Amino acid sequence: MRWSQLFIPTLREDPAEAEVVSHKLLVRAGYIRQLAAGIYSYLLLAQRSFNKIVRVVREEMDAIGAQEMLLPALHPAELWQESGRWDVMGDDMFRLKDRGDRQLCLGMTHEEVMTAIARGELRSYKQLPQIWYQIQTKFRDEPRPRSGLIRVRQFLMKDSYSFDLDAAGLDIAYQKHYRAYCRIFQRCGLKFVAVEAHSGAMGGSQSHEFMVRADAGEDWVVLCPHCGYAANLEKAVSLPSPPLAEDPEGELTPEPFPTPGVRTIAEVAEFTGLPETSQIKSLVMVAEGAPVLVLLRGDHQLSETKLSEALGGRPIRPAHPDEMREWLGADAGSLGPVGVADMTILADLALRGRRNMICGANRDGYHLRHVTPEEDFQAAWHDLRQVAPGDRCTRCGGPLDMGRAIEVGHIFKLGYKYSASMGLRVTGPKGEEITPIMGSYGIGIERILCAAVELYADEDGMALPVSIAPFEVIVTPVNNSDPEQMAAARSLYDKARAAGLDALLDDRDERPGVKFKDADLIGVPYRITVGKKLAGGRVEIYERRSRQSHEVELDRAVTVLAETIREAYRNLQPRD
RNA sequence: CGGGGCGUGGCUCAGCCUGGUUAGAGCGCCUGGUUCGGGACCAGGAGGUCGGUGGUUCAAAUCCACUCGCCCCGACCA
């Protein structure tokens with residue numbers, strides 16, 4: 001393609017509304033334009049990049065025997081009412097009515113549609129297993145779209161669904177996806193990590209998220225550099241850092257002391273001169289109307305995911321101030337477990353074995369000292385805290401690392417949730433009815449590009465992996481008014497195309513600086529520069545990522561470049 | 001949904017607090033010329049009902065009210 005004919009609206013300055021790197025660069029480089037909050041148009045460059053990503057995804061999905069389909073984006077309400085998710089999804093679902101006043105929605109995901117197809121057509125155990133997938137636009141009315149393409153209201157997703165006779169079959173489908181996902185992200189040039197993820201309360205038994213470390217990410221991951229442990233912060237477990245002060249010895253009994261105006265953990269620490277680790281933090285939560293008192297070490301944060309799991313998956317919320325007062329007789333800031341009788345009390349494991357700590361007295365303006373768990377109050381022990389900086393790995397004891405990450409893929413054992421609720425059954429070998437077990441597996445197409453941009457951005461733009469860049473090579477004549485340079489550039493471009501390379505010819509009547517800057521900005525991984533050295537029969541091959549260039553003879557340029565690019569693809573090839 | 005910020009040529013912004021000629025700059029765009037190895041220079045030119053509605057005023061980009069849109073933090077995210 002010839003740049004002079006293309007629509008690649010690059011911008012010299014960062015767009016005002018963009019905050020994260022990938023958003024700024026994708027807009028500046030002319031990949032995307034915003035239409036509304038969380039809704040973007042994908043221009044030529046984005047579309048080319050997505051096509052390449054999709055191709056990789058498709059090849060790897062096909063390789064595990066998955067079958068591609070394309071399902072409707074517009075769904076009847078009845079379908080979602082059957083699975084129960086019509087109500088569960090709430091405002092996240094785009095809903096509309098047709099002319100006959102029938103309720104419809106735009107698909108957020110396709111478990112329902114896939115299951116509906118399966119139950120109509122799958123009759124015998126002999127037809128299983130099946131893996132079906134599609135690459136489809138999904139709609140979610142996000143409460144807050146943000147960060148460019150990272151969280152949007154309309155996006156491309158590869159979603160696949162597996163149907164198996166039993167859990168062992170599901171394991172196989174899950175493992176196939178796990179390996180396919182690793183291959184996909186590797187081929188797309190991402191540095192990623194597969195983390196254990198929260199699998200939800202409903203039927204899910206195993207789940208992994210594929211994460212790319214990036215500050216622009218919205219998730220937190222916990223990693224152990226030593227043993228490879230990796231988990232989403234929601235689910236991650238750790239050994240707590242030791243308390244900063246030793247507990248007082250002795251069989252002491254709880255003793256109230258006045259703490260006027262002292263409410264927060266930090267204030268209590270300051271007031272008593274003892275660190276936050278010497279305190280018991282008491283939180284009042286509500287699980288389906290029932291109060292729950294949650295106890296943590298003062299410096300720890302509650303993981304609501306873990307708490308909900310500990311309560312059997314019930315939804316939870318923080319108690320309102322008037323509820324706390326009603327149940328415990330004091331305001332937040334003076335609450336504690338001592339003397340609490342008719343309330344579920346859950347305590348985090350980091351408090352186990354501690355002695356003579358400080359907590360609220362359930363009397364405004366007072367705290368208790370010398371409070372010992374299991375002596376002065378009883379609680380059910382659970383892992384309830386979020387991993388904190390300084391925590392150690394439960395497997396190897398090494399220090400854990402935490403960081404933000406972009407979720408590019410998620411694989412998930414669904415279990416029987418949809419097959420059971422929607423009546424999917426096949427006949428087994430003995431004539432019995434079998435409800436197939438399902439899995440669900442997603443990949444965010446746009447997020448792969450975002451993650452790559454975040455990973456490989458520099459001052460001048462993006463330096464995309466060759467496999468997902470919109471072009472593999474750009475041929476840049478330095479001086480348009482030099483007929484020899486132009487002729488050589490055209491010839492190189494033609495040869496590159498003939499050699500099967502995805503080439504772009506920058507034939508614009510621009511100064512060289514403009515062409516170089518634009519090429520760097522849009523992230524084409526290789527450039528052939530045709531300039532002065534053409535007189536000596538030489539041109540330059542420039543590598544975007546390393547910013548290195550070297551001279552080659554004109555006639556060998558395409559051969560050398562083709563080999564360089566082949567090598568680049570080899571380096572992205574999974575070795576397994 | 002709570003908190004904060006921003007809407008002025010295509011883009012990035014100034015002007016607004018303290019109302020008052022034809023509303024500015026840089027970039028981009030168009031014409032002509034000179035240039036040509038990292039976002040050139042000279043000359044000329046086009047392009048804006050200042051997000052919208054209502055109000056205050058002799059007079060509103062500027063003050064007030066409402067409203068729409070966008071961004072950020074938080075809440076939320078099978």
Side-chain angles (χ1 to χ4, degrees), chain A residues 9-20 23-24 27-28 30 33-40 80 83-93 107-112 138 140-148 150-153 159 161 197-204 207 209 216 218-219 232 234 304-305 308 313 315-318 407 410-415 417-418 421 438-442 444 459-461 476-482 485-486 506 508-521 527 529-535 539-540 542 544 547 549 551:
Chain A
T10 59
L11 264 25
R12 197 182 283 245
E13 286 167 289
D14 283 336
E17 71 275 9
E19 201 80 8
V20 305
H23 188 193
K24 286 180 186 169
V27 173
R28 263 193 70 198
R33 285 295 183 266
Q34 183 171 30
L35 187 62
I39 304 177
Y40 287 85
W80 287 75
S83 71
R85 291 209 292 180
W86 179 259
D87 297 320
V88 173
M89 288 305 185
D91 291 335
D92 286 349
M93 187 149 68
M108 309 173 64
T109 175
H110 283 71
E111 280 85 358
E112 280 82 357
K138 299 284 194 267
R140 293 185 191 178
D141 195 359
E142 291 288 343
R144 186 149 93 82
R146 69 184 116 181
S147 308
I150 294 177
R151 178 162 295 265
V152 287
R153 296 196 291 173
D159 52 321
Y161 305 87
H198 171 56
S199 53
M202 301 288 277
S207 173
E209 286 167 342
E218 307 184 291
D219 290 277
N232 190 306
E234 281 190 331
E304 294 200 15
T305 306
S308 175
I316 50 166
R317 63 165 174 86
E407 178 189 355
H410 194 171
I411 59 177
F412 192 77
K413 288 187 179 175
L414 280 178
K417 177 172 161 62
Y418 298 92
S421 66
M438 293 174 58
S440 159
Y441 318 86
E459 323 74 62
D460 285 312
T476 304
V478 169
N479 187 343
N480 264 52
S481 51
D482 180 334
Q485 283 186 19
M486 284 304 284
D506 195 349
R508 293 176 298 166
D509 185 14
E510 289 286 354
R511 295 176 58 85
V514 173
K515 291 188 272 198
F516 294 153
K517 288 286 185 191
D518 271 345
D520 285 350
L521 179 62
R527 184 178 82 209
T529 314
V530 184
K532 286 183 201 140
K533 290 157 193 152
L534 183 66
V539 295
E540 277 167 40
Y542 164 91
R544 173 67 181 84
R547 317 299 294 263
S549 61
E551 289 181 28

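Residue numbers start from 1 in every chain, and the chains themselves are labelled A, B, ... in the order their sequence lines are given, proteins ahead of strands. Remember, predicted model here, so these are calculated numbers, not experimental data. Below, all heavy atoms of this structure are taken into account, side chains as well, without hydrogens, waters or symmetry copies.
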Please report the distance separating the P of A61(B) from the corresponding atom of U49(B), rounded so that it comes out in whole Å.
13 Å

Would you say C27(B) has OP1 or OP2 under 4.0 Å from some side-chain N or O of Arg12(A)?
no

When you compare G15(B) with C6(B), how far apart are their C1' atoms, in angstrom units rounded to a whole number?
16 Å

Ser421(A) to Ser83(A) - nearest heavy-atom pair and separation:
OG-CA, 3.9 Å

Is the shortest distance from a Lys or Arg side-chain nitrogen in Arg146(A) or Glu218(A) to a carboxylate oxygen in the other one below 4.0 Å?
yes

Check every strand shown and say whether Arg527(A) touches a base, only sugar-phosphate, or nothing at a heavy-atom separation below 4.0 Å.
base

Distance-only, no hydrogens or angles: does the Arg33(A) side chain make a donor-acceptor pair with backbone N or O of Tyr40(A) under 3.5 Å?
no

Which part of the nucleic acid does Arg151(A) contact within heavy-atom distance under 4.0 Å: base, sugar-phosphate only, or nothing?
base

Using a cut-off of 4.0 Å on non-hydrogen atoms, how would the nucleic acid contact of Arg317(A) be classed: base, sugar-phosphate, or nothing?
nothing

Picking from C71(B), G38(B), C76(B), the nucleotide nearest the side-chain atoms of Phe516(A) would be G38(B)

Rounded to whole Å, CD of Glu19(A) lies from P of C6(B) at a distance of 14 Å

Considering only heavy side-chain atoms of Ala36(A), the closest of C70(B), C76(B), G37(B) is C70(B)

Listed pairs, N/O of protein and of nucleotides 2-5 of chain B, under 3.5 Å:
none

Rounding to an integer number of angstrom, what distance separates A25(B) and G48(B) when you compare their P atoms?
15 Å

In whole Å, what separates the P atom of G69(B) from that of U53(B)?
16 Å

Are Arg544(A) and Asp460(A) close enough for a salt bridge, meaning some N to O gap below 4.0 Å?
no

Shortest non-hydrogen pair, Lys515(A) vs Arg508(A), comes out as NZ-O, 3.5 Å

Phosphate-side-chain proximity, Gln34(A) and C71(B), N/O vs OP1/OP2 below 4.0 Å:
yes

Pairing partner of U53(B) (Watson-Crick or G-U wobble, both distances under 3.5 Å)
A65(B)

From the options G39(B), C70(B), A78(B), select the nucleotide whose nearest atom is closest to the side chain of Arg28(A).
G39(B)

Who does A78(B) pair with, Watson-Crick or G-U, both distances under 3.5 Å?
none

In whole angstroms, the gap separating C1' of G38(B) from NZ of Lys515(A) amounts to 12 Å

Before giving the answer on salt bridge (charged side-chain N to carboxylate O under 4.0 Å, His left out), spell out for Asp506(A) and Arg527(A) the whole-Å C-alpha distance, their side-chain angles and the decisive distance to 0.1 Å.
CA-CA 10 Å; Asp506(A) 195 349; Arg527(A) 184 178 82 209; over 6 Å; no

Side chain Glu540(A) and base G37(B) donor-acceptor under 3.5 Å:
yes

Regarding Tyr418(A), tell me which of base, sugar-phosphate or nothing describes its non-hydrogen contacts under 4.0 Å with the strands shown.
nothing

Of all the choices, A40(B), G37(B), C76(B), which nucleotide is nearest to the side chain of Lys533(A) once you look at every atom?
G37(B)

Quick check: any donor-acceptor pair below 3.5 Å linking the side-chain of Asp520(A) to the base of G38(B)?
yes

Between C77(B) atom P and Glu407(A) atom CD, what is the distance in whole Å?
14 Å

Whole-Å gap separating P (C71(B)) and NE2 (His23(A)):
7 Å

Using whole Å, what does the distance between atom C1' of nucleotide U35(B) and atom CG of Asp482(A) come to?
14 Å

Distance between the P atoms of G9(B) and C13(B), in whole angstroms?
12 Å

Taking only nitrogen or oxygen atoms into account, show me every contact under 3.5 Å that the protein makes with nucleotides 8-13 of chain B, one pair per line with its distance.
from	atom 1	to	atom 2	distance (Å)
U12(B)	OP1	Ala16(A)	N	2.9
U12(B)	O4'	Glu13(A)	OE1	3.4
U12(B)	O2'	Glu13(A)	OE2	3.3

Once you apply a heavy-atom cut-off of 4.0 Å, does Asp518(A) come out as touching a base, just sugar-phosphate, or nothing?
base

By the Watson-Crick or G-U definition, both distances under 3.5 Å, G28(B) is matched with none

Using the C1' atom on both, measure A46(B) against A40(B) and round to a whole Å.
22 Å

Which whole-number value in Å describes the distance from Asp92(A) CG to C76(B) C1'?
8 Å

Atom pair distance, as rounded to whole Å: CG in Asp141(A) and P in C1(B):
11 Å

Pairwise P distance, C66(B) and G5(B) [rounded to whole Å]
15 Å

Selection from C70(B), G38(B), A78(B) that lies nearest to any side-chain heavy atom of Lys517(A):
G38(B)

Just name whichever nucleotide pairs with U34(B), Watson-Crick or G-U, keeping both distances under 3.5 Å, else none.
A40(B)

Which part of the nucleic acid does Ser147(A) contact within heavy-atom distance under 4.0 Å: base, sugar-phosphate only, or nothing?
sugar-phosphate

ring-ring contact (aromatic ring centres under 6.0 Å, His included) partners of Tyr418(A), counting only residues at least two apart:
none

Now, which nucleotide makes the Watson-Crick or G-U wobble pair with C70(B), with each of the two distances under 3.5 Å?
G5(B)

Would you please say whether a donor-acceptor pair under 3.5 Å links the side chains of His410(A) and Ser207(A)?
yes

Work out how far the C1' atom of A23(B) is from that of C50(B), and round it to whole angstrom.
8 Å

